[in-house]
Trainee: 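Right, I'll just put the structure down here and ask away after.
A, B, ... follow the sequence lines: proteins, then strands. Residue 1 opens every chain. Note that the structure is a prediction, hence the values are computed from the model and not measured.
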Protein chains: 4
Amino acid sequence: MGSFKGHALPGSFFLLAGVWWTVKHSLCFSSRRTKSLRTSSRAAQRRLEVIEGSAVLLCSVVGMLLEQFSAQGPALQLFDSSQQRWTSLMNWQHSTMYLFFSLWAAVSLVVHSSEAAPLALDRLMLAAAFFNEGFLFLYHLHGRAPLDVHLHHLLLFCVFGLALLCLLEVFQRGNLVLELLRCALTLLQGSWFWQIGFVLYSPHGQVWDQSDHNNMMFVTMCFSWHLAVAMVIVSGIYAAVTCVVRSRLRRIPPMEMGLLKPREREPESEDEVL
Amino acid sequence: MGSFKGHALPGSFFLLAGVWWTVKHSLCFSSRRTKSLRTSSRAAQRRLEVIEGSAVLLCSVVGMLLEQFSAQGPALQLFDSSQQRWTSLMNWQHSTMYLFFSLWAAVSLVVHSSEAAPLALDRLMLAAAFFNEGFLFLYHLHGRAPLDVHLHHLLLFCVFGLALLCLLEVFQRGNLVLELLRCALTLLQGSWFWQIGFVLYSPHGQVWDQSDHNNMMFVTMCFSWHLAVAMVIVSGIYAAVTCVVRSRLRRIPPMEMGLLKPREREPESEDEVL
Amino acid sequence: MGSFKGHALPGSFFLLAGVWWTVKHSLCFSSRRTKSLRTSSRAAQRRLEVIEGSAVLLCSVVGMLLEQFSAQGPALQLFDSSQQRWTSLMNWQHSTMYLFFSLWAAVSLVVHSSEAAPLALDRLMLAAAFFNEGFLFLYHLHGRAPLDVHLHHLLLFCVFGLALLCLLEVFQRGNLVLELLRCALTLLQGSWFWQIGFVLYSPHGQVWDQSDHNNMMFVTMCFSWHLAVAMVIVSGIYAAVTCVVRSRLRRIPPMEMGLLKPREREPESEDEVL
Amino acid sequence: MGSFKGHALPGSFFLLAGVWWTVKHSLCFSSRRTKSLRTSSRAAQRRLEVIEGSAVLLCSVVGMLLEQFSAQGPALQLFDSSQQRWTSLMNWQHSTMYLFFSLWAAVSLVVHSSEAAPLALDRLMLAAAFFNEGFLFLYHLHGRAPLDVHLHHLLLFCVFGLALLCLLEVFQRGNLVLELLRCALTLLQGSWFWQIGFVLYSPHGQVWDQSDHNNMMFVTMCFSWHLAVAMVIVSGIYAAVTCVVRSRLRRIPPMEMGLLKPREREPESEDEVL
C-alpha cells in the first residue's frame with residue numbers, strides 16, 4: 001500500500017516548508033524590530049506571502065494531477081461498477097489532502113493580494129488543511145501491525161498539534177513563539193515521514209519486528225529526538241538570520257540610527273503593526 | 001427508526017441557516033467597514049436578529065408540536081404504564097433538541113430587543129443548543145451497524161465543533177473568521193444530514209454494505225469533500241455580498257466619500273463597535 | 001453503599017448555592033451598571049463574599065466532622081490493621097471533597113478581606129474543588145451497574161464543566177455570561193443529585209432495570225431537561241433581580257440621574273472596575 | 001526495572017524546584033507591587049533567572065552523563081548487534097528527559113541574558129520538557145500491574161497539567177495565579193514520585209496488593225491529599241515571603257513612602273512591566 005518514496009516525498013516537502021517558514025518568520029520579526037526597515041519590510045512580506053501562495057498552489061495542483069493520472073491512478077473514476085468497489089481510495093485520499101492545501105494557498109493569495117478579507121483567514125485554512133490531513137490518516141490505520149499504527153499515531157500527534165497551533169494563530173497572529181513552534185513541528189513532521197519510510201519500507205532491506213514492545217518504546221523515544229533536533233535547527237536558523245539582519249543594520253549610515261531611541265520596546269505581535 | 005425524510009428535513013433547515021448566516025455576517029462586516037453606513041447598519045442588524053429569532057422560535061415550536069402530535073407521536077405521554085415502557089423516546093429526544101433551539105431563539109429575542117442582558121448570551125445559548133444536540137446523538141448510537149455509527153460520529157465532529165465555536169464567539173464576538181467558519185460548519189451539517197439519508201435510507205433502493213472497511217474510508221473522505229464544498233460556497237457568498245456592497249457604495253454621491261480617509265483600518269471585531 | 005439521603009443532602013446544598021450565586025451575580029451586575037451605586041456596591045460585594053466564605057467554611061468543617069464521627073464513620077482511623085484493610089474509604093473520600101471546598105472558602109476569605117493576594121485565586125481554588133470532586137467520582141464507579149455508571153457519568157460532565165468554567169473565570173473575572181452559566185450548572189448538579197437519589201434509591205420503592213438501554217436513553221434526555229429548567233430558573237431570577245434594582249433606582253431623587261449620560265456603555269467585566 | 005532511589009531522586013529535585021519557584025515568584029510579585037523596589041527588582045530577577053538556568057543546565061548534563069556511564073548504563077551504545085536488541089532503553093529514555101530539561105535551561109539562559117528572542121520562549125521550552133516527560137511515561141506502562149499503572153497515570157495528570165499550564169503562561173506571563181498553581185503542581189509531582197517509591201518499592205519491605213480495588217481508591221484519594229498539602233505549603237511560603245518584604249519596606253525611611261499614592265492598583269501581570 002505504501003512505499004519508501006511515498007513517505008520521502010511529502011517528508012521532503014514538509015522539511016522544505018519548515019526551513020522556509022523559519023527563515024521567513026525570523027526575517028519578518030527582526031525587521032519589524034527595526035524602525036527604519038519597517039515600512040519596506042511590510043511590503044516585502046506581502047510579496048513573500050504571494051510567492052509562497054503561488055508556489056504551494058502550483059505544487060498541490062500538480063500533486064493532485066499526478067495522484068489521479070499516474071500509472072495506478074484512478075483517472076477521476078471513483079467507483080468501479082464492474083467489480084462493485086471503490087477505485088484506488090488511497091490516491092483519492094491523497095488528492096483530497098492536496099485539495100485542502102490548495103484551498104489554503106488560494107485563500108492566502110486572495111487575502112494577501114487584496115484587502116477584501118481578514119488576514120487571519122489564511123491561518124484558519126492552514127488549520128483546516130492540517131486537520132483534514134490528520135482526520136484522513138486517523139481512519140487510515142484500521143487493521144495494521146502495532147508498530148505501523150504506533151508510528152502513524154505519533155505522526156498524528158504532530159499533525160493535530162499543527163492544526164491546533166494554526167487555530168491559535170488566528171487569534172494571536174504574528175506571535176513569534178507560536179510561529180517558531182509551528183516551524184519546529186513542520187520540520188518534525190517532515191523528518192518523521194522519512195523515519196516512517198525507513199522503518200516500514202527500509203531501502204536497506206532490514207525488517208523490523210512489528211509487534212516487539214521494545215521497538216515501540218524506541219520509536220517513541222526517537223520521536224522525542226526528532227523534536228529536539230527540529231527545535232535546535234529552528235533555533236540555529238533564527239540565530240543566523242537575526243545576526244545577518246543586525247550586521248546589515250550596522251552598515252547603514254548612522255544618520256538613521258540617531259532616530260532610534262535606545263532599547264525601545266517594539267510590539268511583538270504583527271497585529272499591532274499591520 | 002429513522003427515515004430519509006427525517007434526515008432531509010433537518011438537513012434542509014441547517015443548509016438554509018448556513019446560507020442565511022453567511023449573507024448576514026458578510027453584510028454586517030462589509031457595512032461595518034464603511035463609516036457612512038455604520039450607524040444605520042447597527043439598527044438594521046438588530047432588526048435582522050429580531051426577525052431571525054422570531055422565525056427560529058416559530059419553527060422550533062411548530063417542530064415540537066409536530067413531533068408530539070403527529071401520527072406516531074407520544075402526544076405528551078411519557079410513560080406507557082400498561083406496557084411498562086417509555087413512549088416514543090425518539091420523538092421526545094427530537095422535541096428536546098427543538099426545545100433548546102427555541103430557548104436560544106427566545107434569549108436572542110430578549111437580548112437584541114432590549115438592553116437587559118449582555119449580547120454574548122445568545123451565542124452561549126446557541127452553544128448549549130448544539131452541545132445538547134450532540135449529546136443526545138452520542139447516546140443514540142448504541143448497537144447500530146459500524147457504518148451507521150461512523151456516519152453519525154462524523155456528524156458529531158461537526159456538531160461539537162459548532163458548539164465549541166459558539167462558545168469561542170462568546171469571547172470573540174463579531175470575529176469574521178469565526179463567523180464564516182460557523183457558517184461553513186452549519187452548511188456541512190446540513191449537507192451531511194442529506195448524505196446520511198442517502199447512504200442509510202437510499203431513495204433509489206441501493207443498500208450499502210454496512211461493515212465494509214472501504215465504505216467507511218470512502219465516507220470519511222466524502223465528509224472532507226462536503227467540508228471543502230461548504231467552504232467554497234461560503235467564500236462565494238462572501239465575495240458576492242462584498243462586491244454588491246462596494247458597487248452600491250460607489251453610487252453614493254462622492255460628497256460623503258471625501259470624509260473617508262483612504263484605507264483606514266477598521267476594527268474587525270463587533271465588540272469595538274457595538 | 002449510597003442512600004437517598006446521601007444524594008439529597010449535597011443536592012440541596014448545590015441547589016442553594018446555585019440560587020444564591022444567581023442572586024449575587026445579578027445584583028452585582030445590575031448595580032455595577034449604575035454609576036450612582038457603584039462605590040457602595042463594591043464594598044457591599046466584599047462583605048457578601050466574606051459572609052459566603054465563612055458560611056461555606058463552617059458547613060464544610062461540620063461536614064468533615066460528621067463524616068468522620070457519625071455512626072459508621074472511621075473516626076480518623078485510616079487503616080484497620082486487624083483486618084488488613086482500609087476503614088470506610090467512602091467517608092474518607094467525602095471528607096476529602098469537603099476539605100477542598102473548605103480550602104476554597106479559606107482562600108476566598110483571605111482574598112476578599114485583605115489585599116494580600118490576587119482576587120482570581122478564589123476561582124482557582126473553586127476550580128480545584130470541583131476538579132477534585134469529579135476526580136474522586138471518576139474512580140468511584142468501578143464495577144457498578146450500567147445505569148448507575150451512566151447516571152454518575154452525566155454528573156461528571158456537569159462537575160468537570162464547572163471546574164473548566166471556574167478556570168476560565170480566573171482569566172475572565174466578572175464576565176456575567178460565565179457567571180450565569182456557572183449558576184445554571186450548579187443548579188443542574190444539585191437537581192441531578194436528587195435525580196440520582198430517586199432513580200437508584202427510590203423512596204417509593206420502585207426499582208429501575210439497570211441494564212435496559214431505553215432507561216439509559218431516557219436518563220440522558222432527562223439530564224437535558226434538568227439543564228433546560230436550570231437555565232430557565234437562572235433567567236427568571238436574573239430578570240426579577242434586574243427589575244427590582246431598576247424600580248429602586250427610579251425612586252432615587254432625579255438629582256443624581258442627571259449625572260448619568262444616557263445609554264453609556266458600561267464595562268461588562270468586573271476587572272475593569274475593581 | 002525501577003527502584004526506590006530512582007523515584008526518590010527526581011522527586012527530591014521537583015520538590016526543590018517547587019519550593020524555589022514559590023519563593024522566586026512570591027518575591028517578584030511582592031517587589032513588583034512596590035514602586036520604590038521595581039527597577040532594582042527587575043535586574044535582580046534577571047540575575048536569578050540566569051543562576052536558575054545555569055544550575056538546571058549543570059544538573060541535567062550531569063544527569064545525562066550518569067545515566068549513560070553508570071554501572072548498568074549503555075555508554076552511548078544504542079543497539080547491541082550481537083544480541084539484536086536495544087541497549088538499556090530505560091537509561092536512554094531518562095537521558096532524553098534530561099536532554100529536554102537542558103534545552104529549556106539553555107533557552108532560558110539565552111533569553112534572559114540577551115534581548116535576542118521573546119521572553120515567552122523559556123515557558124514554551126518548559127512546556128515541551130514536561131510534555132516530553134509525560135509522553136515518554138505514557139508509553140512506559142505497557143503490561144504492568146493495575147496499581148502500578150494507576151499510580152503512574154495519576155503522575156501523568158500532574159505532568160500534562162504542568163505542560164498545559166506552562167503553555168498558558170506563554171500568553172499570560174507573570175500571572176501570579178498561574179505561577180502559584182505551577183509551583184503547587186511541581187511540589188505535587190515531587191511528593192508523588194516519593195509516594196510511588198514507597199508504594200511500589202517500599203523500603204520497609206511491605207508489599208501492596210497490586211490488583212485490590214480498595215488500594216486503587218485509596219491511592220486516588222491520597223493524590224488529592226498530596227495536592228491539598230502542596231497548595232497549603234505554597235500558600236504558607238507565599239504568606240511568609242510577602243510578610244518579610246512588607247516588614248522590610250516599613251524600615252525604609254518614610255521619605256520614599258510619600259511618593260506612593262495610597263492603594264494604587266499595580267499591574268498584576270509581568271508583561272505590563274517588563
Trainee: Identify which part of Asp212(A) has an atom lying under 4.5 Å from any heavy atom of chain D, answering side chain, backbone, both or neither.
Mentor: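 Neither part.
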Trainee: I need the residue from Leu181(A), Thr242(A), Val232(A), Asn215(A) with the largest number of non-hydrogen atom pairs under 4.5 Å to chain D.
Mentor: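 If we count pairs closer than 4.5 Å to chain D, Asn215(A) comes out on top.
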Trainee: Rounded at 0.5 Å granularity, tell me how far OG1 in Thr96(D) sits from CG in Leu227(A).
Mentor: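 If I round to the nearest 0.5 Å, the distance is 11.5 Å.
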Trainee: At a heavy-atom separation under 4.5 Å, does Met97(D) approach chain A through its side chain, its backbone, both, or neither?
Mentor: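 No part of it gets close to chain A.
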Trainee: Nearest 0.5 Å, what's the CG-CG distance between Leu180(A) and Leu124(D)?
Mentor: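 Between Leu180(A) CG and Leu124(D) CG, I get 8.5 Å after rounding to 0.5 Å.
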Trainee: Quick one: pull up OG1 in Thr220(A) and CG in Leu138(D) and give me the separation to the nearest 0.5 Å.
Mentor: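 Thr220(A) atom OG1 to Leu138(D) atom CG measures 8.5 Å (nearest 0.5 Å).
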Trainee: Once you round to the nearest 0.5 Å, how far does OH of Tyr139(D) lie from NE2 of His150(A)?
Mentor: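 So the OH of Tyr139(D) and the NE2 of His150(A) are separated by 5.5 Å.
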Trainee: What is the ring orientation for Phe135(D) with Phe223(A), classed by angle as parallel under 30°, tilted 30 to 60°, or perpendicular over 60°?
Mentor: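 Rings of Phe135(D) and Phe223(A): tilted, as their planes differ by 30° to 60°.
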Trainee: Using 0.5 Å steps for rounding, measure from the CZ atom of Phe218(A) to the OG1 atom of Thr87(D).
Mentor: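 With rounding to 0.5 Å, CZ (Phe218(A)) is 10.5 Å from OG1 (Thr87(D)).
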Trainee: Measure the spacing between CZ of Phe100(D) and CE of Met231(A) and express it to the nearest 0.5 Å.
Mentor: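 Rounded to the nearest 0.5 Å, the CZ-CE separation comes to 6.0 Å.
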Trainee: Where is the tightest heavy-atom contact between Met217(A) and Leu89(D), given as atom of each residue plus distance?
Mentor: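 Minimum heavy-atom contact is CB-CD1, 4.0 Å.
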Trainee: Measure distances from Met216(A) to the heavy atoms of chain D and classify the residue's part below 4.5 Å as side chain, backbone, both or neither.
Mentor: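 Neither; nothing under 4.5 Å.
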Trainee: So, for Tyr238(A) and Ala117(D), which heavy atoms are closest and what is the spacing to 0.1 Å?
Mentor: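 Shortest heavy-atom contact: OH-CA, 3.7 Å.
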Trainee: So which part of Leu121(D) gets closer than 4.5 Å to some heavy atom of chain A, the side chain, the backbone, both or neither?
Mentor: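 Contact with chain A is through both the backbone and side chain of Leu121(D).
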Trainee: Count the heavy atoms belonging to other residues, nucleotides or ligands that lie under 6.0 Å from CZ of Phe131(D), then report whether that count exceeds 12.
Mentor: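 Enclosed: over 12 neighbouring heavy atoms sit under 6.0 Å from CZ of Phe131(D).
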